[in-house]
Amino acid sequence: AGERAAWLAPAWRGVAPATALLELGAMWIWIARRELRIERAEEAQRVLENKEAWLFDFFEKAPDMLLTLRPEGCEILRCNRRFSETLGYARREVVGRALFDFVDPARLRRVRPALMGSEWRRLRNLELRLLRRDGSRLDVLANFALRPEPAGGPPELRAVLHDVTRLRS
């Protein structure tokens, strides 16, 4: 047994450093791959942040009035600057209110059933007359699209309102 151990000792002297080098190499590859994955994830996050910034900028500076509504009751969740400024309200006065609060009462009876219906995908070029804060009227063509909430929450209703007041005059 002693003779056998003496014979294996020189072999282990060469194998042990080679094994350690292989383990270090494998560890280096694992670390390099991990760093590459982290770098790719950070780059994907930067791209996503740039896209979100672009979309936010697009939403805010759109030439039409844009709204995000809760389908039940048409509560305004978000509006762009064009909507609040055109109607003469601060954004905090608009968000949380129903779109019906801004529709001319003379047309509300005709418009409410269409807005409370469940056929949002077919609701295009709905004629609305909105009331500005100063009492003047604003004619718009409204288009609606029901979209699922990205985080898996309740769906949101997106609305684009195009001012056609000059065309009506």
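Values in this document were obtained by computation on a predicted structure and should not be read as measured data. Scope of the values below: all heavy atoms of this structure, side chains included, with no hydrogens, waters or symmetry mates.
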**OP:** Flag the pair Leu67 / Leu161 as yes when at least one side-chain heavy-atom distance between them is below 4.5 Å, and no otherwise.
**Re:** yes
**OP:** Look at Glu127 together with Arg129 and state whether they make a salt bridge at an N to O cut-off of under 4.0 Å.
**Re:** no
**OP:** Return each pair, listed once, that meets salt bridge (Lys or Arg N to Asp or Glu O under 4.0 Å) where at least one residue sits in residues 31-41; pairs must be two or more places apart or across chains.
**Re:** none
Original post:
Can you name the closest pair of heavy atoms from Pro155 and Pro71 and give their distance?
Top reply: O-CD, 3.4 Å
Subject >> Pairwise distance CZ(Arg70) to CG(Leu99) - rounded to 0.5 angstrom >> reply: 14.0 Å
Original post:
So if you build clusters from Ile, Leu, Val, Met, Phe, Trp, Tyr with side-chain heavy-atom gaps below 4.5 Å, do Leu36 and Ile29 land together?
Top reply: no
Original post:
Which is it for Arg81 and Arg91 under the side-chain contact (heavy atoms from CB on, under 4.5 Å) test, yes or no, and what are the steps along the way?
Top reply: CA-CA 8 Å; Arg81 185 181 337 161; Arg91 198 176 305 206; 3.6 Å; yes
Side chains of residues 104-113: which donor-acceptor partners sit under 3.5 Å, not counting sequence neighbours?
unit_1 : atom_1 : unit_2 : atom_2 : d
Asp104 : OD1    : Ala106 : N      : 3.2
Asp104 : OD2    : Arg137 : NE     : 3.1

Subject >> Worked verdict on Leu87 versus Leu138 for side-chain contact (heavy atoms from CB on, under 4.5 Å) >> reply: CA-CA 8 Å; Leu87 294 182; Leu138 177 73; 4.0 Å; yes
Subject >> Joint hydrophobic cluster, Leu157 plus Val95, side-chain heavy atoms closer than 4.5 Å >> reply: no
**OP:** Please round to the nearest 0.5 Å and tell me the distance separating atom CD of Glu60 and atom CZ of Arg78.
**Re:** 10.5 Å
**OP:** Please step through salt bridge (charged side-chain N to carboxylate O under 4.0 Å, His left out) for the pair Arg133 and Glu93, ending with a clear verdict.
**Re:** CA-CA 11 Å; Arg133 177 175 234 148; Glu93 296 174 297; 2.8 Å; yes
Subject >> Separation between OG1 of Thr68 and CG of Leu77, rounded to the nearest 0.5 Å >> reply: 6.5 Å
Subject >> Nearest-0.5 Å distance, CD1 of residue Ile31 to CD1 of residue Ile38 >> reply: 10.5 Å
**OP:** Any chance you could measure Arg158, atom CZ, to Asn143, atom CG, to the nearest 0.5 Å?
**Re:** 14.5 Å
Original post:
Glu43 and Arg46: salt bridge (charged side-chain N to carboxylate O under 4.0 Å, His left out), yes or no, with the steps?
Top reply: CA-CA 5 Å; Glu43 179 61 28; Arg46 279 191 294 277; 2.8 Å; yes
**OP:** Spell out, yes or no, whether Val103 and Leu131 are grouped together once hydrophobic residues are joined by side-chain heavy atoms under 4.5 Å, including indirect joins.
**Re:** no
Original post:
Just how far is it from atom CG of Asp101 to atom CD1 of Ile76, taken to the nearest 0.5 Å?
Top reply: 7.5 Å
Subject >> Shortest non-hydrogen separation from Phe59 to Asn80 and the atoms involved >> reply: O-CB, 3.1 Å
**OP:** Decide yes or no on side-chain contact (heavy atoms from CB on, under 4.5 Å) for Leu115 and Leu126, but give the supporting numbers first.
**Re:** CA-CA 9 Å; Leu115 288 174; Leu126 180 66; 3.8 Å; yes
**OP:** Any chance you could lay out the side-chain contact (heavy atoms from CB on, under 4.5 Å) test for Arg82 and Lys61, step after step, and finish with the verdict?
**Re:** CA-CA 7 Å; Arg82 173 77 60 178; Lys61 295 178 180 174; over 6 Å; no
**OP:** Answer yes if Val140 and Phe100 sit in the same cluster of Ile, Leu, Val, Met, Phe, Trp and Tyr residues linked by side chain heavy atoms under 4.5 Å apart, and no otherwise.
**Re:** yes
Subject >> Joint cluster assignment, Leu66 & Leu130, ILVMFWY side-chain distance < 4.5 Å >> reply: no
Subject >> Any Leu69 side-chain heavy atom under 4.5 Å of Phe144 side chain >> reply: yes
Subject >> Within the 6.0 Å centroid threshold, strictly below: Tyr89 and Phe102 >> reply: yes
Subject >> Remaining members of hydrophobic cluster (4.5 Å side-chain criterion), Leu21 >> reply: none
Original post:
What closest approach, in Å, do Ser84 and Ala90 show between heavy atoms, and which atom pair accounts for it?
Top reply: CB-C, 4.4 Å
